[in-house]
Amino acid sequence: MNEERKIEVEELTEAPPAPPKARVDDAVLEESGRAKDYLAGFLQPAAPPAQGEIGGDLYERVIDALKEIYDPEIPVNIYDLGLIYGVDIADDAHVTVTMTLTTPHCPVAESMPGEIELRVGSVPGVGLADVNLVWDPPWDPQKMSDEAKLELGML
């Protein structure tokens, strides 16, 4: 066990040959009948989002309208503050905004939902607008966007 171990080093005078590359043309058809180039057509362009889906035109206009509403005590819009928990658009252009406020004792707790209904209801293409004011989960500063945190000096 106390024998000395010697490591032998062999120096190559030329580089070893590169391994052969796999080619689709060399592939054998499987019994399933799947074509050799089974990835053909795999990357198709995504279909544009529907009118009321996230990324859709109506959805983006509703978000833009929400970004025009500011909290009277904080110089940041309610969307970037993280007060908007969800925007749902039904097939008949019925928009439901789920939101919260910074605190249940907020001075605009009675007027803010009405203002949001008016602003969202005035967006072209919106049939009816409703606001659901929820307190669970409670709002906290972590829900703010990075832009809002930067504006308030929190970043």
Side-chain angles (χ1 to χ4, degrees), residues 15-16 18-155:
K21 294 184 179 182
R23 303 272 181 218
V24 174
D25 297 336
D26 299 337
V28 180
L29 283 176
E30 296 180 11
E31 293 177 9
S32 65
R34 185 168 67 177
K36 290 180 186 176
D37 193 7
Y38 60 91
L39 292 178
F42 180 72
L43 297 175
Q44 297 294 326
Q51 180 89 342
E53 291 182 9
I54 294 176
D57 187 43
L58 181 59
Y59 181 86
E60 294 301 323
R61 287 187 303 210
V62 169
I63 297 300
D64 289 341
L66 291 171
K67 287 184 176 182
E68 293 176 359
I69 304 170
Y70 284 79
D71 186 296
E73 297 174 328
I74 306 171
V76 177
N77 68 66
I78 62 171
Y79 188 81
D80 287 333
L81 269 177
L83 298 178
I84 304 299
Y85 287 169
V87 175
D88 298 317
I89 302 176
D91 292 336
D92 59 351
H94 180 131
V95 177
T96 304
V97 177
T98 304
M99 66 167 295
T100 192
L101 295 172
T102 54
T103 175
H105 305 293
C106 181
V108 293
E110 291 183 22
S111 62
M112 182 68 76
E115 181 181 354
I116 292 170
E117 279 185 17
L118 287 174
R119 291 279 185 100
V120 171
S122 67
V123 171
V126 172
L128 182 63
D130 285 326
V131 174
N132 290 334
L133 187 60
V134 298
W135 301 108
D136 190 38
W139 179 86
D140 65 80
Q142 295 303 315
K143 292 183 178 8
M144 294 191 312
S145 69
D146 288 341
E147 292 82 14
K149 289 177 184 176
L150 187 63
E151 179 73 26
L152 296 174
M154 297 174 72
L155 268 185

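For this chain, numbers begin at 1 and follow the sequence in order.
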Side-chain touch [X]/[Y], heavy atoms, less than 4.5 angstrom:
{"X": "Asn77", "Y": "Glu68", "result": "no"}
{"X": "Val134", "Y": "Met99", "result": "no"}
{"X": "Leu150", "Y": "Ser145", "result": "no"}
{"X": "Pro138", "Y": "Asp136", "result": "yes"}
{"X": "Met144", "Y": "Val76", "result": "no"}
{"X": "Glu73", "Y": "Pro107", "result": "yes"}
{"X": "Asn132", "Y": "Val97", "result": "no"}
{"X": "Tyr70", "Y": "Ile78", "result": "no"}

side-chain contact (heavy atoms from CB on, under 4.5 Å) partner of Ile116, the single match among Val131, Leu83, Leu133, Asp130: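 Only one option passes, and that is Val131.
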Criterion side-chain contact (heavy atoms from CB on, under 4.5 Å) on Ile63 and Tyr79, from CA distance to verdict: CA-CA 8 Å; Ile63 297 300; Tyr79 188 81; 3.4 Å; yes
What heavy-atom pair brings [X] and [Y] nearest, and what distance separates the two atoms?
{"X": "Ala148", "Y": "Asp80", "result": "CB-O, 3.5 Å"}
{"X": "Ala65", "Y": "Val123", "result": "CB-CG2, 3.6 Å"}
{"X": "Ala129", "Y": "Val120", "result": "CB-CG1, 3.8 Å"}
{"X": "Gly125", "Y": "Arg61", "result": "CA-NH2, 4.4 Å"}
{"X": "Glu151", "Y": "Pro75", "result": "CG-O, 4.2 Å"}

Residues Val95, Asp88; criterion side-chain contact (heavy atoms from CB on, under 4.5 Å); working and verdict: CA-CA 6 Å; Val95 177; Asp88 298 317; over 6 Å; no
CG/Asp91: more than 12 non-hydrogen atoms of other groups inside 6.0 Å: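 For Asp91, atom CG is not crowded (no more than 12 foreign heavy atoms under 6.0 Å).
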Euclidean distance, Leu128 CG relative to Glu117 CD, rounded to 0.5 Å: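 CG of Leu128 is found 8.0 Å from CD of Glu117.
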Quick one: does [X]'s side chain have a donor or acceptor within less than 3.5 Å of a partner on [Y]'s backbone?
{"X": "Arg119", "Y": "Leu66", "value": "no"}
{"X": "Tyr85", "Y": "Pro137", "value": "yes"}
{"X": "Thr100", "Y": "Trp135", "value": "no"}
{"X": "Thr103", "Y": "Cys106", "value": "no"}

His94 and Thr96: CA distance, side-chain angles, deciding distance, side-chain contact (heavy atoms from CB on, under 4.5 Å) verdict: CA-CA 7 Å; His94 180 131; Thr96 304; 3.5 Å; yes
